[in-house]
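Comments concern the structure below.
Residue numbering restarts at 1 for every chain, and letters A, B, ... go by the order of the sequence lines.
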Amino acid sequence: MLDMKFIRENFEHAESSLATRNSEISLAGFIELDEKRRSLLVETEALKAMKNNVSEEIAKVKDKSTVKDRIAEMKEVSARIKALDDELKLVEEELAKLLMTVPNFPHPTTPIGKSEDDNVQIRTWGNPLEFDFTPKSHWDLGEELGILDFERAAKITGARFCLYKGAGARLERALISFMLDLHTTEHGYIEVLTPFMVNRTSMTATGQLPKFEEDLFRLMDPDYLLIPTAEVPVTNIHRDEILKNSELPISYAAYTPCFRREAGSYGKDTRGLIRQHQFNKVELVKFVNPAESEAELEKLTGHAEKVLQLLQLPYRVMALCSGDIGFSACKTYDLEVWLPAQSTYREISSCSSFGDFQARRAGIRFREEEKSKPEFVHTLNGSGLAVGRTLVAIMENYQQADGSITIPSVLRSYMGGMERITRC
RNA sequence: GGAGGGGUUGCCGAGUGGUUUAAGGCACCGGUCUUGAAAACCGGCGACGGGCAACCGUCCGUGAGUUCGAAUCUCACCCCCUCCGCCA
């Protein structure tokens, strides 16, 4: 959520900043609603002050019959207050509805652009491998090795699910442990294990609702939603809290499965693990002092990169342009890993700063000094990494001519010493 | 799912219609005193919204309602605790 005061005082700047985003956003109607809200507020508060005073006077009078006319008068005032409050509530609801669907301002350092074609490459790491044979796709490798079974997953549930078996299942688990161990022991993150389903308030606080309900899986009886990313439960850990400046930055690492409807992506990435309704992810989340958020985004991105470096997977870092960043983000770096079978880089991590956008929605604040006014923290998060896509990258980059897969050395201790996956 | 108990301004906790502008204590901050500290005493001590400000308004789990007036009465819902049932 954006700051109402800021919009009020910088209306043109706000509109032009939002215009650099891809979607069509209009703040039209905002000023009018805002003014109406304030004039209603002034009126109703004056009446309430009067009512409070008169009620106090009535309280002091022993013989109520002498103040009959005052009581009658207050009855009318109360009715008037109620009418005004109802009107105010409507205006505030409309204002909130408008505000909740407006995306964040792009950060000044976010490149301006319309689509992903305008994203800017920041750096690359490693070089795409040269194969002296034609590299196979991970789905072919997975089926031949008997470690990925898409057909049976479709029988069990439906399209866009996968059944991992044997060394495949273990490799996924090894990656989760490896990533969590790295971030908690080397990068200073606190491990958390969260609920995988959340309520609507949590989903609204991070920005998935109200606009993106069609992307989410919903439960019927309690009105809960399956998380599309650990960002939701982890950011909500501190919802409606006032943190101490001395405890910032707070850094959490969380493994969770993620559930996404992938509505509107029919026909895209239909084969393989790239786009699934359920996938595993290790997520990094930070709550920081606003002064530190730019530096913290660089650090967090570096922590995600470290995973790829240790796995010896070539990748590049892209700065997303204003037209391509997510709803709540003001700045985003995507890490894209090299996939030889597709001869292309594919997103494996997205590291974003949200400024105070989520903190304002979620009511996450801190005090600069012990006695100073609470201010909103800045929130950041990034995948460290998407586990399924990491498994894909390992399978495709580490494949051998005979169809076996070498296990990266840093993972072998997590695989019981296994060095290579062969057909079982 | 059933029965019971409970949710009060950082914490504890009083308060069952009108000096509650929410007692009291703890914690915290400032002052007096002291060589310094502690103790004692005095004062301060929340969030949000509106306003240049004085100040005003809102907030006692949430939402409706009764009333001139609600922390207090009514209804619904949420959460926590205990016991029973079921269960990984």
Side-chain angles (χ1 to χ4, degrees), chain A residues 1-9 30-100 193-205 209 219-225 233 236-248 250 257 287 356-377:
Chain A
M1 189 163 64
L2 299 174
D3 181 4
M4 264 207 264
K5 260 188 189 159
F6 182 85
I7 298 176
R8 189 187 299 149
E9 287 158 16
F30 169 81
I31 294 290
E32 201 186 329
L33 278 171
D34 180 53
E35 275 168 12
K36 192 163 180 191
R37 170 180 172 268
R38 282 184 295 158
S39 79
L40 282 169
L41 204 56
V42 167
E43 195 179 349
T44 187
E45 284 186 358
L47 288 174
K48 280 177 186 171
M50 200 232 306
K51 182 194 77 177
N52 288 343
N53 285 330
V54 175
S55 289
E56 207 175 314
E57 282 170 33
I58 292 172
K60 286 178 191 156
V61 176
K62 290 238 169 83
D63 183 2
K64 304 297 184 206
S65 64
T66 64
V67 288
K68 263 188 174 158
D69 51 336
R70 299 241 75 185
I71 288 176
E73 194 186 328
M74 283 309 104
K75 190 167 186 150
E76 276 174 42
V77 169
S78 279
R80 176 78 183 132
I81 288 171
K82 188 168 158 29
L84 284 170
D85 273 348
D86 286 348
E87 200 183 343
L88 183 63
K89 202 177 161 191
L90 282 177
V91 170
E92 285 186 334
E93 272 169 13
E94 228 175 305
L95 204 51
K97 210 164 107 190
L98 180 68
L99 225 47
M100 290 307 258
L193 185 61
T194 70
F196 300 155
M197 51 183 87
V198 301
N199 58 37
R200 284 177 177 270
T201 309
S202 292
M203 214 56 108
T204 305
L209 291 181
L219 295 165
M220 294 195 67
D221 192 354
D223 185 21
Y224 295 156
L225 302 118
N236 275 280
I237 289 173
H238 295 299
R239 171 153 51 83
D240 295 325
E241 290 184 12
I242 300 177
L243 305 168
K244 290 198 178 84
N245 196 11
S246 58
E247 58 189 344
L248 301 179
I250 297 173
F287 302 81
D356 63 8
F357 187 86
Q358 290 182 328
R360 182 173 286 108
R361 286 180 165 237
I364 308 170
R365 294 172 292 171
F366 79 105
R367 292 180 208 276
E368 190 76 54
E369 308 282 343
E370 190 86 19
K371 305 214 87 177
S372 50
K373 277 241 155 201
E375 304 167 53
F376 292 112
V377 299

>> Counting primed atoms plus P, OP1 and OP2 as sugar-phosphate and everything else as base, spell out the protein contacts along nucleotides 70-78 of chain B at 4.0 Å heavy-atom distance: B, S or - for each nucleotide, 5' to 3'.
In response: ---------
> Partner of G69(B) by Watson-Crick or G-U wobble geometry, both contacts under 3.5 Å, or none?
Replying inline: none
> Taking atom C1' in both U20(B) and A14(B), what distance in whole Å separates the two?
Replying inline: 12 Å
> What integer number of Å spans the P atoms of C79(B) and G61(B)?
Replying inline: 16 Å
> Side-chain N or O of Arg70(A) less than 4.0 angstrom from OP1 or OP2 on G69(B)?
Replying inline: no
> What residues form a side chain to side chain donor-acceptor pair (under 3.5 Å) with Thr44(A), not counting sequence neighbours?
Replying inline: Asp85(A)
>> Taking U34(B) as the reference, what is the distance to G24(B) when you measure between their P atoms (whole Å, please)?
In response: 30 Å
> Does any nucleotide pair with C28(B) by Watson-Crick or G-U wobble geometry, both distances under 3.5 Å, and what is it?
Replying inline: G44(B)
>> Using Watson-Crick or G-U wobble geometry with both distances under 3.5 Å, which nucleotide pairs with A14(B)?
In response: none
> Which letters describe nucleotides 50-55 of chain B, given B = protein heavy atom under 4.0 Å from base, S = only from sugar-phosphate, - = neither?
Replying inline: SS----
>> Measuring to OP1 and OP2 of G57(B), would you say a side-chain N or O of Lys48(A) lies under 4.0 angstrom away?
In response: no
>> Can you measure Leu99(A) atom CG to G49(B) atom P for me and round it to whole angstrom units?
In response: 13 Å
> Taking a pair as Watson-Crick or G-U wobble with both distances under 3.5 Å, which nucleotide is matched to G4(B)?
Replying inline: C81(B)
>> Please confirm whether the shortest side-chain N or O distance from Lys373(A) to OP1 or OP2 of C48(B) is below 4.0 Å.
In response: yes
>> Quick check: on RNA chain B, is the nucleotide nearest Asn52(A) upstream (toward 5') of the one nearest Lys89(A), or the reverse? Name the residue that is more 5'.
In response: Asn52(A)
> In whole Å, what separates the C1' atom of C28(B) from that of A76(B)?
Replying inline: 40 Å
> For Arg360(A) and C48(B), what is the distance between atoms CZ and C1' respectively, to the nearest whole Å?
Replying inline: 14 Å
> For RNA chain B, whose closest nucleotide is more 5', that of Ile58(A) or that of Lys82(A)?
Replying inline: Lys82(A)
> Does U67(B) have OP1 or OP2 sitting under 4.0 Å from an N or O in the side chain of Ser78(A)?
Replying inline: no
>> Check Glu73(A) with Arg70(A), please: is the shortest side-chain N to carboxylate O separation under 4.0 Å?
In response: yes
>> Between C1' on G18(B) and CG on Asn53(A), what's the gap in Å once rounded to a whole number?
In response: 14 Å
>> Tell me whether the side-chain N/O atoms of Arg365(A) come closer than 4.0 Å to OP1 or OP2 in G46(B).
In response: no
